[in-house]
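Note sheet for the following structure.
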Amino acid sequence: MKRTKVKELLNSTAYGAEIKLQGWVRTFRNNQFIAVNDGSTINNIQAVVDFQNTDEATLKRLTTGAAISIIGELIESMGKGQKVEVKVKTLEILGDSDAEIFPLQPKKHSLEFLREIAHLRFRTNTFNAVFKVRHALAFAVHQFFNEKGFVYLHTPIITASDAEGAGEMFRVTSLDFDNPPRDEAGKVDFKQDFFGKSTNLTVSGQLEGELAAMALGEIYTFGPTFRAENSNTTRHLAEFWMIEPEVAFNDLEDNAALAEGLLQYVIQYALENCADELEFLNNRLLEEEKSKPMDERSEMDLLTKLRFASTSDFERLTYTEAIEILKNSTPNKKKKFKYLIEHWGADLQSEHERYLVEKHFKKPVILTDYPKDIKSFYMRLNDDGKTVRAMDILFPGIGEIIGGSQREERLDYLEKRMDEMHIPKDELYWYLDTRRFGTAPHAGFGLGFERLVLFVTGMTNIRDVIPFPRAPKTAEF
RNA sequence: UCCUUCUUAGCUCAGUUGGUUAGAGCAUCUGACUGUUAAUCAGAGGGUCGCUGGUUCAAGUCCAGCAGAAGGAGCCA
């Protein structure tokens, strides 16, 4: 007999039907009511055991976490609290779960504790919901680009270039650490390494993405990226997933429109396809807010925030305009900012971005045209000679969720920038070839997938939206 | 990496100016009850107070170092 999923059973009205139910015990109440969960939904189904005619030793084994298989009759529930339940005919314990040592209990656990038992936290409602939403968002990303005719491009995980300079990299080698081969100068001889050169884990697929975009037109990547930065924050990971579209003939305005469209599409998709999960996460947050003082509570609940973000236009302004707003802002005048805004050219700190998004505009913000000195070499120089066609998208509670730009397509300008920033041109000959042969305007951006999942689930620590987080001193499981 | 705070039972937390045998709720175990909704009621067990050293007649409590965690900052996605 084939099993029926809990999700299906809960929506069924086929009373009297014989069904097979398999799942894990969440709670066993009153010696007769088993709350069974099989992961198909965060909701449980109640299975009722005839305890007077069931072996006592079997009943004792119905502990939280045990895997069970039930054949029974789907009936209209006699109790309140649920429409349907399963009247147990035969009950088999597939796998015991020793209640004395199983760490999950039918009670609330702290996220910090669950992080320490990440191999078991899938079994909680919160993480069931989080990873369902994560899946839905990933699926929606592919659907969005597919509908638009983009090509999903797989860029390499192992790379020889650290060209973007996006941060510290993890070295990849098969050399013997205790006794590496040395060259005449006494340095490690990577010519004898697996690839015949020094290699690293990728920090971005952008440069390779540009190569493909200059032929396929519209591409996107969606893969893991690695940064060996010693970042200990609630929004950084050493291993994270990034979505990087790159589009030929797009300028910065097209780029911003694409980014806004993508974000609104995937949030909308989650709202439509993860209603139960988002409602659960919404209630979870509301509970949490109750313990906070009034002035720290958020103005919108999670669902309202998501509906708002997916329907209202993002605020667009230039760096120069943002500086003006910040200069004249109350916290700047009253010297409440840790870093006061005094002159054009200063990098924006988290507190400034947060002020713009959460206090001034109260909506997602697209900031463009930053000073060239605080941005990467490949961004297109504006006619003013001091700003570049960069854009950051800032989200409330998250900060920077997207960073992108229109790329510098003029070979002479690009080479000049690379010289100024000491980027080795010979190593990047293949990148420069796109500008040598049939160069064209193009633009793209990088979307941090986990930051997106953070925003949509309302979780606050990035380590809680990826199954097995990788961060400094953190590589368990 | 820097700043701040924290580390007491399986989990969440109390623990006064340093002072007898370190407490509670939940969980677990035993029993009762049997249409319960994180069931309820009664009872029981459960501790190297993060680690190392120091001050003191006396340290969970004070001091130092180390380790780990949380929040914030920087780097960024």
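Below, chains carry the letters A, B, ... as their sequence lines are ordered, and counting in each starts from 1. Keep in mind it's a predicted model, so treat the numbers as computed, not measured.
Side-chain N/O atoms of A:Asn255 and A:Arg389 include no donor and acceptor closer than 3.5 Å.
Close to B:U34, at under 4.0 Å from its OP1 or OP2, lies no side-chain N or O of A:Asn30. OP1 or OP2 of B:G74 lies within a sub-4.0 Å distance of a side-chain N or O belonging to A:Ser350. Contact between the side-chain N/O atoms of A:Ser77 and the OP1/OP2 oxygens of B:G35 is not found at any separation under 4.0 Å. Checking the phosphate oxygens (OP1, OP2) of B:G71, no side-chain nitrogen or oxygen of A:Arg463 falls inside 4.0 Å. Considering only side-chain N and O atoms, A:Gln349 lies nowhere under 4.0 angstrom from the phosphate OP1 or OP2 of B:A73. The phosphate of B:G71 (OP1 or OP2) has a side-chain N or O of A:Asn461 nearer than 4.0 angstrom. At least one side-chain nitrogen or oxygen of A:Arg29 sits closer than 4.0 Å to the OP1 or OP2 atom of B:A39.
No side-chain donor-acceptor contact under 3.5 Å links A:Asp464 to the backbone of A:Thr460.
Side-chain rings of A:Phe51 and A:Phe33 stay apart, their centers remaining 6.0 Å or farther from each other.
Counting only Watson-Crick and G-U wobble pairs whose two key distances fall under 3.5 Å, RNA chain B forms stems of three or more stacked pairs at B:1-7 with B:67-73, B:10-13 with B:23-26, B:28-32 with B:40-44, B:50-54 with B:62-66.
Around the NZ atom of A:Lys89, the shell of radius 6.0 Å holds more than 12 heavy atoms that belong to other residues, nucleotides or ligands.
Among all heavy-atom pairs drawn from A:Asp392 and A:Gly404, the shortest one is OD1-N, 4.4 Å.
Contacts of A:Ser110 with the nucleic acid, taken as non-hydrogen atoms under 4.0 Å apart, involve only primed sugar atoms and P, OP1 or OP2. When heavy atoms are screened at a 4.0 angstrom cut-off, A:Arg26 is found touching no nucleic acid atom at all.
Not a single donor-acceptor contact under 3.5 angstrom links the side-chain atoms of A:Glu229 to the base of B:U1. The base of B:U36 lies close enough to the side chain of A:Gln82 for a donor and an acceptor atom to sit less than 3.5 Å apart. Judged by distance alone with a 3.5 Å cut-off, a donor-acceptor contact links the side chain of A:Glu85 to the base of B:G35. For B:C76, its base sits under 3.5 Å from the side chain of A:His236 at one donor and acceptor pair at least. Applying the 3.5 Å distance criterion, the base of B:G10 shares a donor-acceptor pair with the side chain of A:Gln105.
A cation-pi arrangement is not found for A:Lys327 relative to A:Trp344, the charged atom failing to lie both closer than 6.0 Å to the ring centre and inside a 45° cone about the ring normal.
Between the P atoms of B:U21 and B:U5, the separation comes to 33 Å (whole Å). Nucleotides B:G15 and B:U20 place their C1' atoms 16 Å apart, quoted to the nearest Å. Rounded to the nearest Å, the gap between the P atom of B:A70 and that of B:C13 is 13 Å. B:U34 sits 11 Å from B:U40 when the C1' atoms are compared, rounded to a whole Å.
With distances taken from any side-chain atom of A:Lys107 to the nucleotides B:A69, B:G10, B:G35, the minimum falls on B:G10. Of all nucleotides listed (B:U12, B:U34, B:A77), B:A77 comes nearest to the side chain of A:Glu400.
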Quick one: do A:Glu450 and A:Arg134 satisfy salt bridge (Lys or Arg N to Asp or Glu O under 4.0 Å)? Show the steps, please.
-> CA-CA 8 Å; A:Glu450 282 75 18; A:Arg134 184 181 167 108; 3.0 Å; yes

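Contact check for A:Ser405 versus A:Val388: no side-chain heavy atoms found under the 4.5 Å cut-off.
For the pair A:Phe240 and B:A77, the ring geometry qualifies as stacking, because the centroid separation is below 5.5 Å while the planes lie within an angle under 30°.
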